[in-house]
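Since this is a predicted model, take the numbers as computed values, not measurements. Sequence lines set the chain letters: A, B, ... in the order given, protein chains first and strands last, and positions in each chain run from 1.
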There are 2 protein chains.
Amino acid sequence: MPRSTRRRPALAHPEAESIDLYDVLHALSDPTRMTIVRILRTEPERACGTFPVDVAPSTLSHHFKVLRESGVISQREEANRRFSALRTVDLEQRFPGLLDTVLAALARNGDDA
Amino acid sequence: MPRSTRRRPALAHPEAESIDLYDVLHALSDPTRMTIVRILRTEPERACGTFPVDVAPSTLSHHFKVLRESGVISQREEANRRFSALRTVDLEQRFPGLLDTVLAALARNGDDA
DNA sequence: ACTCAATTTCGGTGTTTGTCGAACATCGCA
DNA sequence: TGCGATGTTCGACAAACACCGAAATTGAGT
């Protein structure tokens with residue numbers, strides 16, 4: 001097999017201006033994904049495997065894909081690891097206040113659920 | 001069959017304090033339902049059949065149920081009709097700013113989509 | 001009583017979702 | 001070169017979802 005081709009397909013991220021509200025709301029309507037977002041809120045960046053969610057690795061990978069393709073997070077590759085970060089600036093530009101409001105609402109919902 | 005029982009099962013509405021964030025976000029992540037919410041924002045109350053969405057009546061009924069059971073809208077019966085209203089006060093109390101922020105975001109998303 | 005209008009409920013269909021395990025790819029390191 | 005760690009992709013599966021048409025319900029009007 002040709003080794004000259006790009007190793008990985010390159011991660012797909014939507015442009016800031018084309019982030020879709022319905023995709024974002026859907027991404028945030030899952031507890032596992034919301035947990036990821038909440039944690040990412042407190043840290044600039046974090047490796048995928050280090051999130052305290054108890055689902056199978058493949059499931060976690062799926063959730064990261066949903067978050068990334070909706071525009072909520074960005075991911076960069078470094079060696080073996082994949083680091084995720086909240087797209088706070090892009091989200092704030094596209095939908096001002098949305099992330100803060102939802103995370104504040106989450107705190108009221110009970111952090112556990 | 002006993003006619004003395006309540007004719008309709010009585011509409012189920014969650015208490016304001018027990019409105020769940022994930023249910024709300026899920027309810028809002030559908031364009032048809034968001035259209036309903038957006039219109040309801042401009043009017044205190046409206047009959048089900050009068051919303052300009054082009055889905056079958058049975059589908060519309062389903063969407064109203066999702067919105068009602070998530071706590072986003074309330075419904076009251078009057079004769080043949082069923083009137084829906086946004087639960088603005090309850091939502092504001094439970095998740096301050098959420099509805100406004102999401103609706104503002106919707107305006108940026110393009111009202112059509 | 002009969003009919004019409006508004007809406008729900010009931011079955012059904014096709015799609016999407018969250019989940020998993022197994023297999024694969026990539027990198028760092030011994 | 002081989003091993004272990006990290007993470008993804010690939011089916012597969014059950015549950016949930018959006019949608020419809022047909023039938024049922026309910027109340028108003030004739």
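In this structure, NE2 of A:H26 is placed 5 Å from P of C:dT17, rounded to the nearest angstrom. The separation between B:H62 atom NE2 and C:dG12 atom P is 18 Å, rounded to whole Å. Here the C1' atom of nucleotide C:dG18 and the CE atom of A:M34 are 17 Å apart, to the nearest Å. The interatomic distance linking B:E78 (CD) with D:dT26 (P) rounds to 17 Å, in whole Å. Rounded to whole angstrom, the span from the CG atom of B:L67 across to the P atom of C:dT8 amounts to 12 Å. Distance CD (A:E69) to P (C:dT17): 10 Å, rounded to an integer number of Å. Taking atom CZ of residue A:R76 and atom P of nucleotide C:dT26, one finds them 19 Å apart after rounding to whole Å. The separation between A:D54 atom CG and C:dG18 atom P is 16 Å, rounded to whole Å.
Below the 3.5 angstrom threshold, one finds no donor paired with an acceptor across the side chain of A:S61 and the base of D:dG7. B:N80 contributes no side-chain N or O that forms a donor-acceptor pair with the base of D:dA28 under 3.5 Å.
With C:dC27, C:dT8, C:dT19 as the candidates, the nucleotide lying closest to the side chain of B:P57 is C:dT8. The nucleotide whose nearest atom lies closest to any side-chain atom of B:R81 is, among D:dC17, D:dT6, C:dT7, C:dT7. Of the candidate nucleotides D:dC20, C:dT17, C:dT8, C:dT8 has the atom nearest to the side chain of B:C48. In the set C:dG18, D:dA28, D:dA18, the nucleotide with an atom closest to the side chain of B:A79 is D:dA28.
Note on B:T59: a side-chain N or O is less than 4.0 Å away from OP1 or OP2 of D:dC20. In this structure, A:R33 reaches the C:dG18 phosphate: one of its side-chain N or O atoms is under 4.0 Å from OP1 or OP2. For D:dT6, the OP1/OP2 oxygens have no side-chain nitrogen or oxygen of A:R82 closer than 4.0 Å. Between D:dC17 and B:H63, no contact under 4.0 Å exists linking OP1 or OP2 to a side-chain N or O.
Residue A:Q93 comes nearest to B:R108 through the heavy atom pair O-NH1, 3.0 Å, listed as atom of the first residue, atom of the second, then distance.
Both A:S58 and A:S29 sit near DNA chain C, but only A:S29 has its closest nucleotide nearer the 5' end.
Note on A:V66: nothing from the nucleic acid sits closer than 4.0 angstrom, heavy atoms only.
Atom-to-atom distance recorded for A:I36:CD1 and A:L28:CG is 11.0 Å, nearest 0.5 angstrom.
Residues A:L91 and A:L98 fail the side-chain proximity criterion, which asks for heavy atoms closer than 4.5 Å.
In this structure a side-chain-to-backbone donor-acceptor pair under 3.5 Å is present from B:S70 to B:V66.
Because its NZ or CZ atom is both nearer than 6.0 Å to the ring centre of A:F51 and within 45° of the ring axis, A:R46 counts as a cation-pi partner of that residue.
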